[in-house]
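Contents: one structure, followed by commentary.
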Amino acid sequence: MNIKKFTYLVSVSLCLLTSCDMEAPSKSSLDESLIFSTPSLAEAAVMGIHVSFGETNSYRGRFLPYYGINSDVEWINGMSTTTNDDAKYSLTGYAASPTNTLMNDATNAWAKFYEGIERANLAIRGLRTYGNVSTNSELAQLLGEALTLRAVVYLDLVKAWGDVPARFEPVTSETTYVPRSDRDIIYKQLLADLLEAENLVPWPNASKVTSSVERVNKAFVKSLRARIALYAGGYSQRKDGIRLSTDPELSREKMYAIAKQECEDVINQNVCKLGSFEDNFRRLCLEKTDAGQESIWEIPFAAGRGRVLYTFGVKHQAADQYTQQAQGGVNGPLPYLYYDYDVQDVRRDITCVPYEWSKANPSKQQLRSLKNWCFGKLRYEWMTRIVTSTNDDGINWQYMRLADVYLMAAEAINELEGPANAAKYMKPILDRALPADKVTAYMTKATANKSAFFDAIVEQRGLEFAGECLRKADLIRWNLLKTKLDEAKAKMLRLATHTGEYADLPIKLYYKTGSNGESLVIYGLNHGDTDSAGAILGYSSNTDWIKADGSSLPQELIDALYQNNPDEHQYWPIWKTFIDSSNGTLTND
Amino acid sequence: MKNMCATLLVLLAVFTSLSVSAQNVTVKGTVKDKTGEAIIGASVVQKGKAGNGSITDIEGNFSINSIPGDATLIISYVGMKSQEVPLKGKKMVDVILEEDAQALEEVVVIGYGTVKRKDITGSVSSVNSDQIAAVPVASATEAITGKMAGVQITTTEGSPDAEMKIRVRGGGSITQSNEPLFIVDGFPVSSISDIATSDIESIDVLKDASSTAIYGSRGANGVILVTTKSGKQGKFSVNYNSYYSWKTLAKKMDVLSPKDYVKWQYELAALKSSTDLTSYTDFYGNYSDIDMYNNVPSNDWQDLTFGRTGHTFNQSLSINGGSDKIRYAFNYSHVNEKAIMEQSSFKRDNFSLKLNSNPTKKLAVDFSVRYSNTDINGGGANDTKSTYDSDKRLKYSVIYTPIPLRNLTTDSGNSDDELGNLYDPLVSISDNAREQNRKQLNMAGSVTWEVIDNLKVRAELGLDDYHFTDQRFWGLTTYLIKNEPAVENQGKPAAQFVNTAQKTFRSTNTVNYDFKKLLGENHHLNLMAGHEYIIIKQITQTDMIHGFPTWFTAENAWSLSTQGVPYSINKYLNPDDKLLSLFGRANYDYQSKYLVSATFRADASSKFSSKNRWGYFPSAAVAWRISSEPFMEKTKNWLDDLKLRFSYGTAGNNNIPPGQLTQPFEPKTTAWVNGFGNYWAASKTMANPDLKWETTVTRNVGVDFTLLGGRLNGSVEGYINTTKDLLILYPTQGTGYDNQYRNMGKTENKGIEATLNWTAINTKNVELSFSGNIGFNKNKIKSLGIMNDFGADSRWASSEIGYDYWVSVGGSVGQMIGYRSDGRYEVSDFEDYNGKTWTLKKGVTDSSPAVGTLRPGVMKLKDIQGNDNIVNRDEKEIIGDANPLHTGGFSINGRLYGFDLSANFNWSYGNDIYNANKIEFTQTGKYQYRNMIDIMADGKRWTNLNADGTICNDPAQLAAMNANTTMWSPLTDRMIFTDWAVEDGSFLRLNTLTLGYTIPSSLLQKVKITSLRFYVTGYNLFCLTSYSGYDPEVSTIRNTNLTPGVDYSAYPKSRQFVVGVNLNF
């Protein structure tokens, strides 16, 4: 009997030995054939791309706060002129080194952008293989969305780093390491991808999905394609200096034609509308994402993610009646910008804010200083939700709005056909900003000739989009980066020394707290205001705003706008950690 | 398993009822030892008929009623040499047993078998039950600390369940765990911390590949074999051990007095803004009233947090015995500890039963079951593996304000919580509450059948069922609840429940043939072959719940989970981990003089694809017993044994998570994207279908010696281990994935070890012995594949410091990288003060990129590159190494009549500690209102403060004010890691000191007690070290393997006193 038992045990063991299946498949996972043929699953896979946008050091904490800064309208506030800090000031001052301590990190935007691209590549391959996009509109939307999100990331990669590795297929062991490829190759792929995507996604409000600007719609695909065409047809710094593309497929004419076509398609479709300038930003702060207004597409940061208002909002010194998060004011407009707006331009007081909220609860507005303005397009006080997170505010990043489409159309048509045909797309932007008589005068001057109109485009894009980080890339494609930064420095110097076009401004500001107990009433910010008039207003306080000795806006600070020649440093270097781990395929040469 | 049990029960029933028949005479006698002391419980049996026998009584007497007059008696007793006495008609037999010749005959467990220590050809260190029993410790790992050469054990913190880091000869992996393989009674387990020490018979550590190769795939980092106690034939005993201990905090940091604290806060506020002093006045009042802080009482937060006296109550009961047919061992043990930190406690119950039966002469059936249940309460060492740096909060017991401050809220002094704001230490403990429970049930059975003489076939089946529940709570002060939940649930408590269930099944079959005498007297050959199959299935369920009502405590959240909002419910099924192995071993010796052993193992792991699945691990070893050579005849009178051995072999490693071959889509949860709570994505780790086995080649040479009749013995060994095809979690940032497991790179560990045991005196009433060991190990990275180096970041200061460890070819894991301190800027370093800023003199190094705005007193760094007189943020070099030059331990054991004394020391020499505490406790970074330790006391630190409360910018006056200060000003822009914070971590610790008294057995005989011992033990009585932190044995940041030796906000160590009793029936 014992023998028998033993034999039984041995045979059990031998059975185990012979029938052992050594494969161990994953269990808590799904195969891509199922995911990409099922709309709800495929949608969640495409949304994974946005998670890469939201990673700590991705769009959320690095790219959005630092890429567009410094330009001739935007800078990072409080640059130190004495500490030689190789972090944010060199990053924004055209002097970033590959070891930049803010960026040289394995979780940086560079890595997370490629993570998003890989997720997009997997989704595109999966949807093309398993998703019946020709008959299933839900899956078609998702393919179009994945193509578009991939284009968004690539465009930003090229904007920030120039030539970058092109990965349009999921990584394999052969493609783990790839060198930089020419940006022209990437631009052409993006233009083709978006042309495909146009036919996959509906116009805003034409489907349930596109009723929200947090999802990709046809208007966004087209306007993004226009933006890419303008960059592709514009100047940029290449190995052999600043020049246009030599690729005939990316000739200026072809690119302007694409921009014209796409922008006119969007405008003529009439599915988005220009509301008031202020309303657009109030809606952004109120987190109203219904499509059909000015906003075309936004990065959909959830309420607990993103540092948009945190970086670009009006500063709150402490948790108060409007926010539990004491942030804002990290970046701001250049000090002269406010004074360059027409005093009646409605965009001025929304874009440039000279105050912050005091360190008290309830808090009230208090003056900042000439060198330390806040952007005002985003304000905690415009939100209905109270921000509670200590690090994130949850405001979406408005990636594209209709005003941009109008001005892109105007720019392209001016280049192709001249100012007469282009004027109709600039005027609506001015109409909502200025009184009618001033619009007429401006348009007369602008339509004098092609170059005058171009100058007007350059000026209006600055006034319209300050604080939205479009400026730096615009200046680069116009080959005006250093010219305009130098112009800005000269303006700041004249402002600081109370000379030139700023000589008429009062020295002091006169101010008091308004009847609501929190708003500041300020006199002295307008051209035409005078100290003598200010002094007799009887306001409770006054302060030297533009000190005669120039100390309100020191020369060192003005000089810190750029540390290196920006035309020779249009791009960030690839950070050392990525060079090191690239198996020798990437360099900064 | 069911069949196994049935078999066992049937066999029990059949064979215990067998009775003995046919008798001739009655034999009586006594058994004594050399000193004339009666031996109680010695076994006296008839040779060839083990069922017929007796056990000696309390006076050493025995009596056997029916035995043939010509029979032979076998008298045996543990620790004594067995004797055979032919009766030859005698009816009275008095026997004197001699003690076993020390260690030489000791049996060592070597994996799928045992071997006598003298016949060992590889490198094996052992600790036996006597050594373990001598000192009361809670875990097996503690029991071997400092006792084995080449086995470095670091207790990473002072919490009751602190991770004990075990390294056998350094460890070859870079990113992967270097933990050795743990085998308990043949069964591989993930940890040995839940085994009761009273249940341990021996612990053997296999160190070289010739020993570990039998474990093939998983032996590369050494193998720790734990053998639990089995019943002993003919000896029934009951053991009761109990102890009670008191624990107190071993060391405290001195902090600033309230007055000094307030004074510094004033200077800090004034330095930050000379015009806006509200950051001071809002909290402390006017500077002119600072005198009111002169004699105010202060809170000693360290005392409030860690100051309570901990208690441990530990008791164990074991029952042991058996006949020649069946032996049994039962053990129950219970530990209950209240630790020194508030809300920290530990409880464990162990139960084990082991049955060994021999139903026939040719058959052995063994069965064992072990159960342990462990509760750990308190979040003491929370988050050493988390990205939420701010939750490492034990630091608040030092830096929290010593006096109550009106207006102080958690976000005072800093608006971002990445490093953690200022939290009441006690609140932060309850806001980070945690309860863990581990349950482990292990069952194993085996049948061994001697098919023909000396051919044994053995089949083993085992099942291990492991459940781990971990519940955590995040209260209102935690970083997580402010940032992770969806916005509507932010600022409300959160809880997490993690349930892990793991089942391991093991089937092992071996055949063993001993060519006993078949090859003649002189040749001994033993062959073993076998196969093994192990499958591990694991399911982890992680439930995260946010948004509890703000007044909820941990207890509320854990018991009322419906009151929160489910954030994620994730039941994750791991891919199965399967291992199929075939192995064999041959041991041959000629006259015990020339010994050869060869091992071969082939392993197939499901972690690799079919083309790379099998790994083959051969090894061989030879030994030469020089002392048996004729030319050594002259040394016979003093040299008992001298053996030279050499081994060469390979061992493997597949220590990566399963499921790396394909890139499946996994469901994940997010709160970052509007409208989507979950998404599908590929893992952030790139799949690698080409993965294969990592292989370690070891070469070992050793000398074993025994002198003076066994009173002096020891061994000296040297080794070179090289690991190639390193399984490494390789950074692949920029490809779309964060990392990928690869076979890349090569490391080397070289070292020398020595062990010495000396019994100076050993008589009936007096014994004095010493033993010691030392191990030198040098780790070197030979290759990192396509990379030369990469940085690692301990992240204790979030992202402020950046890389602080550097992994490079030619270096070793554990190299710290940072700035070189150059003291501070003196007034003489500056040209002038222009009313706003201080201008440096030409030629003086500008440290401002690293430290912030310069003024006299600011920390100064060295310009390492020496090219531009500027210290840039990346201007760092290697400034420390966490690897010790050598580690070891020694013990002294003495006995005088009934008293026994044992002292165990362990040490580490030459390792550096990254004292992150010291940085944070002396620098402000971006924070206000924090207290500091007294190296920054007034009079020591640089001061900028005039008596009138203004900041001094007068060069001459500043210089005069600081003529006697030595430290820089604590004000810095961020946390700065310089070589000043790298400290020598060498230490020598008196780990335990025990004094015991055994009541003379003559007094106990009447109450039927075999032995009774009382003892007192002191733990951690002193620690000689120059290290300034809490304790030099520390390693807090264990998220990766790459950042050893950081001392940051660790649970401090305690000093402990124990009284206990050992009772033996």
Side-chain angles (χ1 to χ4, degrees), chain A residues 2 5-6 8-10 13 16-17 20 22-30 32 35 41 44-45 47-48 50-51 54 82-86 99 101 106 110-111 114-115 117-119 122 167 171 173 176 214 300-305 326 385 388-392 394 577-578 580-583, chain B residues 7 359 363 415-417 447 449 459 482-483 485-487 490-491 507 509 531 533 572-573 575-578 580 604 606 613 658-659 662 664-666 670-676 678-682 686 731-736 738 786-787 790 802 837 846 848-849 852-853 870 872-874:
Chain A
N2 299 314
K5 277 283 169 199
F6 177 74
Y8 170 69
L9 280 171
V10 169
S13 310
L16 278 169
L17 171 63
C20 282
M22 294 302 288
E23 297 297 328
S26 296
K27 293 176 180 172
S28 283
S29 65
L30 279 182
E32 55 180 272
I35 288 179
L41 297 175
M47 288 306 124
H50 279 302
V51 176
T82 51
T83 40
N84 182 8
D85 190 332
D86 180 42
T99 53
T101 46
W110 174 277
Y114 277 104
E115 179 185 288
I117 285 170
E118 174 72 4
R119 287 177 181 179
L122 287 166
R167 300 175 176 280
V171 173
S173 51
T176 307
E214 295 185 330
F301 288 120
R305 201 62 183 172
R385 171 169 67 82
T388 51
S389 164
T390 46
N391 280 303
D392 293 81
T577 181
F578 301 109
D580 287 350
S581 61
S582 73
N583 194 18
Chain B
T7 314
L363 201 60
S415 55
D416 95 59
D417 194 17
V447 178
W449 178 32
K482 293 175 198 166
N483 292 288
V487 74
Q490 282 180 358
S507 164
N509 301 292
H531 100 89
Y533 178 67
Y572 186 79
L573 285 75
D576 293 343
D577 179 1
K578 304 177 200 173
L580 175 66
S606 62
R613 186 157 290 153
T662 54
F665 276 77
E666 294 171 353
T670 181
W672 294 353
V673 183
N674 264 344
F676 291 88
N678 56 67
Y679 65 101
W680 288 90
M686 201 192 309
T732 57
Q733 62 267 27
T735 60
D738 290 354
I786 57 172
M787 269 203 299
F790 62 95
T837 53
D846 175 8
S848 64
T853 310
I870 294 174
N872 290 311
R873 291 285 294 279
D874 57 345

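In what follows, every chain begins at residue 1, and chains take the letters A, B, ... in the order their sequences are listed.
B/Lys482 places none of its side-chain heavy atoms less than 4.5 Å from the side chain of A/Asn391.
The CZ atom of B/Phe790 sits 11.0 Å away from the CG atom of A/Asp580 when rounded to the nearest 0.5 Å. In this structure, the separation between CG on A/Asn583 and OG1 on B/Thr732 is 12.0 Å, given to the nearest 0.5 Å. Rounded to the nearest 0.5 angstrom, A/Met22 CE and B/Asp576 CG are separated by 10.5 Å. Note that CG of A/Leu122 and CZ of B/Phe665 are 4.5 Å apart. Values are rounded to the nearest 0.5 Å. Annotation: the span from B/Asp738 atom CG to A/Tyr114 atom OH amounts to 15.5 Å, rounded to 0.5 Å.
Heavy-atom pairs under 4.5 Å with chain B were tallied for A/Ala111, A/Gly394, A/Gly54; the largest tally goes to A/Gly54. In terms of heavy-atom pairs under 4.5 Å with chain A, the best-connected choice from B/Met686, B/Arg613, B/Met787 is B/Arg613. Contact tally against chain A (heavy-atom pairs below 4.5 Å) for B/Gly491, B/Pro485, B/Pro575, B/Ala682: the top residue is B/Pro575. Ranked by heavy-atom pairs under 4.5 Å with chain A, the list B/Ile786, B/Thr662, B/Asp577 is led by B/Ile786. Of the residues considered (A/Ser173, A/Pro300, A/Pro25, A/Gly48), A/Pro300 shows the highest number of contacts with chain B, using heavy-atom pairs under 4.5 Å. When each of A/Ser582, A/Ala106, A/Gly304 is scored by its heavy-atom pairs under 4.5 Å with chain B, the top score falls to A/Ala106.
Contacts of A/Thr577 with chain B are made by both backbone and side-chain atoms, with heavy-atom separations under 4.5 Å. The contact between A/Val171 and chain B is made entirely by side chain atoms (from C-beta outward), counting heavy-atom distances below 4.5 Å. With a 4.5 Å cut-off on non-hydrogen atoms, A/Glu214 touches chain B through its side chain but not through its backbone. Only the side chain of A/Ile35 comes within less than 4.5 Å of a heavy atom of chain B; its backbone N, CA, C and O stay farther away. Both the backbone and the side chain of A/Glu115 come within contact range of chain B, judged by heavy atoms closer than 4.5 Å. In this structure, chain A has heavy atoms under 4.5 Å from both the backbone and the side chain of B/Thr735. Interface residue B/Pro731: only backbone heavy atoms are found under 4.5 Å from chain A.
Listed here is the closest heavy atom pair of A/Ala44 and B/Asn678: CB-O, 3.9 Å. The minimum heavy-atom distance linking A/Ala302 with B/Ala671 is given by the pair CB-O, 3.3 Å. Of all heavy-atom pairs between B/Pro664 and A/Ser26, the closest is CG-OG, 3.5 Å. Taking both residues in full, the closest heavy atoms of B/Gly734 and A/Arg167 are given as O-NE, 4.0 Å, listed atom of the first, atom of the second, then distance.
Applying the side chain to side chain contact (heavy atoms under 4.5 Å, CB included) test between B/Trp672 and each of A/Arg305, A/His50, A/Met47 identifies A/Arg305 as the sole match.
For the pair A/Lys27 (side chain) and B/Tyr572 (backbone), a donor-acceptor distance under 3.5 Å is absent. In this structure, B/Gln490 contributes its side chain and A/Ser389 its backbone to a donor-acceptor pair below 3.5 Å.
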